[in-house]
Amino acid sequence: MNLRSRLVRYDELVPCLNAFIDARSPGSDRKENFTIIGPGVAENPDQHVHITLPHGFNIGGARQPPGCLNSQHSHLTNEVFLVHSGTWAFRSGVDASDGEIVLREGDVISLPTGVFRGFENVGDDVGYLYAILGRDDPGRVLWAPQVFDLAEKHGLVLLEDGSLVDTTLGQKVPAGKRPMPRTTAEQVAAHRVISSGELEGIVIRAGNYTWRRDTALSGFPGVEEAALLGPASAAEGLPAGSLPWPHEFVLRALRLQLDAHVPAHRRAEEEVVFVLRGALGVEVDGERIELRRGDTFTTPIGSARSFRNAGTEPCVAFFTRRGDRPAKPDFSA
Ligand SMILES: [Fe+2]
């Protein structure tokens with residue numbers, strides 16, 4: 001099996017600089033957008049999708065320099081961010097004034113549907129967010145009305161079919177295509193107000209993970225597992241996550257001390273691994289790869305996979321699996 005085709009290294013990510021309608025708006029014009037697994041919600045048909053296999057969710061990323069903004073918008077599915085690096089202010093509300101929360105490395109936020117959100121790198125260094133968007137087809141982004149005005153001023157037109165025309169690159173609106181209607185007051189009114197206090201309720205702080213040693217994966221020396229998103233999963237020996245509501249995917253964290261090892265087991269569903277800290281050795285059906293900070297890898301369904309700490313510090317990795325209650329990992333393999 002070619003594991004390399006299932007691996008996206010952090011330093012090989014292919015950015016899109018004009019993925020969205022706000023790509024020319026001052027303050028938002030230096031953001032890099034990545035579609036790592038699945039098409040996501042990018043509005044630029046030329047954006048590179050690293051892995052096209054359907055997973056039941058999409059994995060993406062945003063990399064932004066200090067002061068760079070992602071404009072207010074909402075989605076038709078859950079949107080989850082894990083902070084890989086940087087300091088980020090997430091703001092709620094159509095004009096970003098309902099609430100604000102600042103997140104740092106290892107923090108997780110799960111944004112529900114029906115809420116306008118935007119985010120800004122408020123730190124001193126370039127930052128990267130790892131993003132999970134629900135479903136194979138997450139639909140289109142709904143932008144706050146003022147985003148359309150700014151885009152028009154700077155030469156970008158969003159079309160009714162969801163694609164983007166960049167007039168600064170000499171593109172023209174194709175004959176017979178119409179611009180996306182500006183988001184209406186009625187659509188805005190259908191959104192909820194979320195205060196700063198309520199934002200804290202949809203966040204897991206890196207220091208507040210509940211690390212366990214009694215789960216299906218953690219019964220080995222030096223291995224701990226934390227349930228982050230999704231309901232209790234008896235098959236995996238995990239209680240409800242810190243954010244326990246169903247997302248149609250689950251998110252777990254695994255921490256491996258030096259020399260720790262999770263032996264070979266099989267999984268019945270898609271499983272995407274993302275390394276936040278350290279190095280993770282992964283063996284799949286006898287083939288080996290090593291994941292480093294920021295790398296993303298999707299394990300083939302049914303394959304025998306084992307994980308070990310391949311670095312010189314504790315390794316922290318995140319696992320996203322399809323569905324709210326993944327099956328029991330099968331260690332009989
Ligand atoms: Fe988004």
Side-chain angles (χ1 to χ4, degrees), residues 13 15-25 27-44 47 49 55-64 68-84 86 88-96 98-103 107-122 127-148 150-151 156 158 162-164 180 183 187-188 190-192 194 199 202-203 229 243 247-249 251 274 296 320:
L13 283 169
C16 186
L17 294 167
N18 52 353
F20 292 110
I21 187 174
D22 63 343
R24 295 276 177 264
S25 304
S28 303
D29 52 351
R30 291 168 299 148
K31 65 174 179 174
E32 295 175 282
N33 184 266
F34 306 98
T35 38
I36 301 172
I37 298 178
V41 286
E43 290 160 352
N44 185 332
Q47 176 152 17
V49 178
H55 280 60
F57 51 84
N58 286 257
I59 301 288
R63 188 161 59 199
Q64 298 175 197
C68 186
L69 190 73
N70 191 301
S71 305
Q72 297 305 111
H73 66 280
S74 74
H75 289 287
L76 297 170
T77 67
N78 288 299
E79 184 176 43
V80 172
F81 292 98
L82 161 63
V83 179
H84 162 273
W88 297 83
F90 279 79
R91 302 188 183 106
S92 55
V94 67
D95 58 0
D98 291 350
E100 177 177 311
I101 194 162
V102 174
L103 304 187
D107 292 348
V108 173
I109 184 167
S110 171
L111 289 147
T113 57
V115 173
F116 281 107
R117 83 292 308 266
F119 46 88
E120 180 182 355
N121 179 344
V122 293
Y128 178 66
L129 294 172
Y130 177 81
I132 313 164
L133 205 51
R135 311 223 177 123
D136 285 323
D137 176 6
R140 290 187 192 134
V141 179
L142 185 73
W143 295 101
Q146 71 275 12
V147 180
F148 288 82
L150 256 180
L156 281 190
L158 181 63
S163 64
L164 206 56
M180 177 83 77
T183 302
Q187 286 174 298
V188 171
H191 285 69
R192 280 181 286 153
I194 293 215
L199 282 172
I202 55 172
V203 161
L229 300 181
L243 304 181
H247 287 67
E248 299 178 51
F249 55 85
L251 181 68
F274 176 74
T296 303
T320 308

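As the structure lists them, so they are numbered: ligands from 1, and atoms in each ligand from 1. Start at 1 with the first residue, then count along the sequence. Owing to the predicted nature of the structure, the values given are computational and were not obtained by experimental measurement.
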(request) Check whether any side-chain N or O of Asn44 sits under 3.5 Å from a backbone N or O of Asn18 as a donor-acceptor pair, and report yes or no. (result) yes

(request) Can you sort out the partners of His75 under ring-ring contact (aromatic ring centres under 6.0 Å, His included), two or more places apart, ordered by chain and number? (result) His73

(request) State which residues pass side chain to side chain donor-acceptor pair (under 3.5 Å) with Asp98; sequence neighbours excluded, sorted by chain then number. (result) none

(message) Using a strict cut-off of 2.8 Å, how many protein N/O/S atoms surround the Fe ion (ligand 1)?
(response) 4

(request) For the residue pair Ile59 and Phe274, establish whether any side-chain heavy-atom pair is separated by less than 4.5 Å. (result) no

(message) Can you confirm whether Arg135 is buried at CZ, in the sense that more than 12 heavy atoms of other residues, nucleotides or ligands lie under 6.0 Å from that atom?
(response) no

(message) Phe20: which residues meet the ring-ring contact (aromatic ring centres under 6.0 Å, His included) condition with it, sequence neighbours left out?
(response) Trp143

